[in-house]
Amino acid sequence: QAQLVESGGGSVQAGGSLRLSCAASGYTSSSYCMGWFRQAPGKEREGVAGIDSVGRTTYADSVKGRFTISRDNSKNTLYLQMNSLKPEDTAMYFCAADRINWVLLPRYLFWGHGTQVTVSS
């Protein structure tokens with residue numbers, strides 16, 4: 001029922017910034033916990049950031065201080081502001097949602113199809 005659509009990915013130089021968006025429909029995102037995940041070629045899906053239904057956030061150590069997860073409940077949209085991007089941030093980025101707070105574990109019930117982020121040196 002729930003649908004998530006990511007946007008905002010692209011190709012940037014190291015040190016640059018991108019803002020990813022995840023538009024949610026089919027459910028009220030304010031009542032769901034949400035997260036951003038990424039997957040690089042040949043690697044497992046990795047939790048990047050999570051935000052629960054009341055706005056509490058969690059970040060992977062690799063992105064702390066550089067990425068910020070937020071949500072605009074009035075727009076049913078999740079965001080990931082990515083600053084000081086590094087080549088190792090290159091991956092397909094996915095958003096996810098669930099009533100259960102999986103935090104950074106890739107066990108969310110609903111998933112988007114992803115948006116590609118490529119960071120060149």
Side-chain angles (χ1 to χ4, degrees):
Q1 186 73 14
Q3 293 184 345
L4 306 174
V5 181
E6 303 94 336
S7 63
S11 182
V12 298
Q13 296 288 326
S17 298
L18 283 173
R19 190 193 194 198
L20 306 184
S21 298
C22 172
S25 63
Y27 73 105
T28 302
S29 63
S30 63
S31 66
Y32 279 69
C33 301
M34 303 187 75
W36 285 101
F37 293 78
R38 64 188 183 187
Q39 188 165 23
K43 294 192 173 184
E44 295 185 355
R45 190 163 297 188
E46 171 191 24
V48 175
I51 185 166
D52 68 12
S53 61
V54 295
R56 292 174 293 197
T57 59
T58 302
Y59 298 93
D61 288 341
S62 59
V63 307
K64 283 181 179 177
R66 300 189 297 121
F67 291 10
T68 302
I69 187 172
S70 62
R71 62 196 301 168
D72 185 340
N73 292 334
S74 69
K75 299 181 182 294
N76 291 326
T77 302
L78 176 74
Y79 302 99
L80 184 67
Q81 179 66 47
M82 305 186 295
N83 299 324
S84 302
L85 283 162
K86 305 174 180 179
E88 50 262 46
D89 294 318
T90 295
M92 184 73 77
Y93 283 71
F94 302 86
C95 65
D98 203 326
R99 284 192 168 94
I100 298 173
N101 186 20
W102 295 108
V103 195
L104 301 183
L105 295 176
R107 298 177 179 176
Y108 289 75
L109 182 60
F110 303 108
W111 293 84
H113 290 150
T115 185
Q116 179 67 40
V117 171
T118 301
V119 184
S120 61
S121 60

Could you tell me which non-hydrogen atom of [X] sits nearest to which non-hydrogen atom of [Y], and how far apart they are?
X     : Y      : answer
Pro87 : Ser121 : CG-CB, 4.0 Å
Val48 : Leu104 : C-CD2, 3.9 Å
Gly35 : Ile69  : CA-CD1, 4.4 Å
Glu46 : Ser62  : OE2-OG, 3.7 Å
Ser17 : Ser84  : OG-N, 4.3 Å
Arg38 : Asp89  : NH1-OD1, 2.9 Å

Working to the nearest 0.5 Å, report the span between [atom1] of [X] and [atom2] of [Y].
X      : Y     : atom1 : atom2 : result
Phe37  : Arg45 : CZ    : CZ    : 8.5 Å
Lys64  : Thr58 : NZ    : OG1   : 8.5 Å
Tyr108 : Leu4  : OH    : CG    : 11.5 Å
Tyr59  : Ile51 : OH    : CD1   : 7.0 Å
Met92  : Lys43 : CE    : NZ    : 16.0 Å
Leu80  : Cys22 : CG    : SG    : 10.5 Å

Check: Same cluster for Trp102 and Val63 if Ile/Leu/Val/Met/Phe/Trp/Tyr side chains link at under 4.5 Å?
Finding: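 They do not share one cluster, since no chain of ILVMFWY contacts under 4.5 Å joins Trp102 to Val63.
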Item checked: Transitive ILVMFWY side-chain link Ile100 to Val103, under 4.5 Å ->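 No; tracing contacts between hydrophobic side chains, which count when under 4.5 Å, never links both residues.
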Checklist line | Glu6 side chain to His113 backbone, donor-acceptor under 3.5 Å | finding: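 Checking the backbone N and O of His113 against the side chain of Glu6, a donor-acceptor pair under 3.5 Å is found.
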Note to self: Taking Asn76's backbone N and O only, do any of them form a donor-acceptor pair with Asn73's side chain (distance below 3.5 Å, no angle check)?
What the structure shows: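 Here the side-chain-to-backbone pair does not exist.
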Check: Is Met82 close to Leu20 at the side-chain level, that is, under 4.5 Å between some pair of heavy atoms?
Finding: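 Touching, per the 4.5 Å side-chain cut-off.
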Margin query: Less than 4.5 Å apart, side chain to side chain, heavy atoms only: is that true for Gln13 and Leu85?
Written below: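 They are not in side-chain contact.
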Notebook entry, point to check: Once the angle between the rings of Phe94 and Trp111 is folded into 0 to 90°, is it parallel (under 30°), tilted (30 to 60°) or perpendicular (over 60°)?
Noted result: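 Ring orientation of Phe94 relative to Trp111: perpendicular.
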Check: Where does the angle between the aromatic ring planes of Phe67 and Tyr93 fall among parallel (under 30°), tilted (30 to 60°) and perpendicular (over 60°)?
Finding: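 Tilted.
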Item checked: Flag if over 12 foreign heavy atoms under 6.0 Å of CD, Gln3 ->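 Counting neighbours around CD of Gln3, 12 or fewer heavy atoms of other residues, nucleotides or ligands fall under 6.0 Å, so no.
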Note to self: Around atom CD of Glu88, are there more than 12 heavy atoms from other residues, nucleotides or ligands closer than 6.0 Å?
What the structure shows: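 Enclosed.
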Item checked: Sole candidate of Cys95, Ser7, Ser21 that passes side-chain contact (heavy atoms from CB on, under 4.5 Å) when paired with Thr77 ->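 It is Ser21, the one option of Cys95, Ser7, Ser21 that forms the side-chain contact (heavy atoms from CB on, under 4.5 Å) with Thr77.
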